[in-house]
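Take a look at the structure below.
Note that the structure is a prediction, hence the values are computed from the model and not measured.
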Amino acid sequence: MLGILLLSVLQAVSSEEWRFTTPSEVTAQKGLCARLPCNFSGPPTSNVTRQTWMWVHNEDWTTRSLVFDTKRPSRTLPNYRTRTELSGSLEDGDCSLVIDNIRWKDEGPYLFGVESDQAGSHEHSSVIRLRVSNFTDKPRISPVEIVEGKPVSIKCIFETECRTTASSLTWETTVNYSTPASHAITQRGDITVYTSVLTLTPTAEDEGRDVSCIVTYLTVSSRQTITLTMTGGRLSGWRILLIAFGIILIIALVAFLIYKIIQWRGTERPSDKQDGGAAYKPQSTVNQATGGLNAQRRAEGDRGKVDQTQSETLLYAQLQEMPAVVTAVRPSESTEYASIRFQ
């Protein structure tokens, strides 16, 4: 009975298959690294005797070359020997491959293989196709306020998933600085973070100058550039001229508007014209009769001569003393009349 049970267990172990999980395609930038993800499950990894990664030369799968071999490293292609390694551990079910310093000719299909003493065979994963693109990653410069005459620290950061590919951050600028830039490398999970800090004290002459941070690999490089713009301190000469010109322009515009308003109001004011007539108004009355008697008025005026050289009409008024004609008034009394004539 015990023998039958042991035989059943051995058959179950030997019949257990390797199962691989891989993407169909991976894209990597030229000059960086490429990670070909691979996970597996199956028999105990203690029985694994060899792990390999192969690059397939043609579409009919007839020609394959080793790019990684744990048992015979010398059998791998020379241009891959120092550029490939496994990124994980078999105990964790990770069979991923990392290829450093990617080149255009690295494009193509790859597959993972494993050999086991217990299984007595060489199992393969599904094919992963690697594609190579241009290097487009750039470092990032953190924004910072730049004040004339005040020391400022400018930070440059570059992040990558490539642990093995060495890179460096450098600075390029025409701004004078005395303190060398500082550098640091930190790890955040699978991400490697490169940091560089440049400290400088900008002057008025540095307005508009560029500061560039450059990341460099073995075969590629890229940069990020900022232009210094002062937010305080002494103004440069051209900026003072620009502000003065703006003030003069505003004053001229205000003066023009005031002139136009005055001119418009002048055209709306009516002209004074004489209508040639006047109302009669007595100047004074002397010795008026009492008891409801109406005084008889007589007016007599002399027409004055008009001066031909003058543009205005002259007004003449002549006062005459007329004798009273009403019998009810005493002879000694008289009335003064005002005669006004207009011409």
Side-chain angles (χ1 to χ4, degrees), residues 27-33 100-102 133-262:
T27 301
Q29 298 183 47
K30 180 182 181 296
L32 298 185
C33 68
D100 196 14
N101 189 21
I102 287 295
S133 65
N134 290 319
F135 178 58
T136 57
D137 287 352
K138 292 183 178 182
R140 184 179 72 254
I141 298 179
S142 301
V144 64
E145 183 182 17
I146 300 177
V147 181
E148 179 188 346
K150 181 180 178 181
V152 60
S153 295
I154 304 176
K155 181 185 293 186
C156 179
I157 300 174
F158 184 77
E159 299 179 351
T160 179
E161 294 183 355
C162 301
R163 300 182 182 181
T164 57
T165 303
S167 65
S168 62
L169 292 178
T170 56
W171 295 90
E172 183 178 285
T173 181
T174 57
V175 179
N176 294 324
Y177 61 93
S178 56
T179 304
S182 61
H183 301 275
I185 301 176
T186 56
Q187 198 70 32
R188 189 175 67 246
D190 294 334
I191 304 298
T192 303
V193 182
Y194 296 85
T195 305
S196 181
V197 179
L198 177 67
T199 302
L200 50 84
T201 303
T203 63
E205 290 73 17
D206 296 327
E207 175 77 21
R209 292 184 176 179
D210 293 337
V211 177
S212 299
C213 178
I214 306 170
V215 58
T216 304
Y217 283 88
L218 293 176
T219 58
V220 293
S221 64
S222 66
R223 67 174 59 204
Q224 183 68 41
T225 301
I226 63 171
T227 301
L228 297 184
T229 302
M230 308 298 173
T231 59
R234 183 170 56 88
L235 295 175
S236 57
W238 67 268
R239 185 167 292 184
I240 294 177
L241 292 177
L242 186 61
I243 294 175
F245 177 76
I247 294 175
I248 294 174
L249 185 61
I250 293 174
I251 293 175
L253 181 60
V254 171
F256 178 75
L257 291 177
I258 293 176
Y259 168 75
K260 283 296 184 181
I261 292 174
I262 295 176

Evaluate side-chain contact (heavy atoms from CB on, under 4.5 Å) for W171 paired with C156, printing each intermediate quantity in order. CA-CA 9 Å; W171 295 90; C156 179; 3.6 Å; yes

Provide the closest heavy-atom pair for P139 versus C213 in the form atom of the first, atom of the second, distance. CG-O, 3.4 Å

In this structure, OG of S182 is separated from NZ of K155 (nearest 0.5 Å) by 9.0 Å

Non-hydrogen atoms of A28 and C33 that approach each other most closely: CB-O, 3.8 Å

Specify the closest pair of heavy atoms between P202 and K150, including all atoms of both residues, with the distance to one decimal. CD-O, 3.5 Å

When rounded to the nearest 0.5 angstrom, what is the spacing between CD1 in I191 and SG in C162? 9.5 Å

Would you check if I157 and T195 make a side-chain contact, meaning some heavy-atom pair closer than 4.5 Å? yes

Donor-acceptor pair, S167 side chain versus T216 backbone, under 3.5 Å? no

In this structure, CD of Q29 is separated from CZ of F135 (nearest 0.5 Å) by 6.0 Å

Evaluate side-chain contact (heavy atoms from CB on, under 4.5 Å) for Y177 paired with V211, printing each intermediate quantity in order. CA-CA 12 Å; Y177 61 93; V211 177; over 6 Å; no

Heavy-atom closest pair (T201 atom, D206 atom, distance to 0.1 Å) is O-OD2, 4.2 Å

More than 12 heavy atoms of other residues, nucleotides or ligands under 6.0 Å from CG of D210: yes or no? yes

Distance in Å, L169 CG paired with I214 CD1, rounded so as to fall on 0.5 Å steps: 10.0 Å

Does any non-hydrogen side-chain atom of I154 lie less than 4.5 Å from one of I226? yes

Is D137 close to T160 at the side-chain level, that is, under 4.5 Å between some pair of heavy atoms? no

Step by step, would you call T229 with E207 a side-chain contact (heavy atoms from CB on, under 4.5 Å)? CA-CA 6 Å; T229 302; E207 175 77 21; 4.1 Å; yes

Distance col, row I248:CD1 vs L253:CG, nearest 0.5 angstrom, shows 13.5 Å

Which value, rounded to the nearest 0.5 Å, describes the distance between L242 atom CG and I247 atom CD1? 10.5 Å

Which heavy atom of R223 sits nearest to which heavy atom of K138, and what is that distance? O-CD, 3.6 Å

Closest heavy-atom contact between K30 and T219? NZ-OG1, 3.9 Å

R209 vs T173, side-chain contact (heavy atoms from CB on, under 4.5 Å): CA-CA, chis, key distance, verdict: CA-CA 8 Å; R209 292 184 176 179; T173 181; 5.5 Å; no

Does a side-chain heavy-atom distance below 4.5 Å link V147 with V152? no

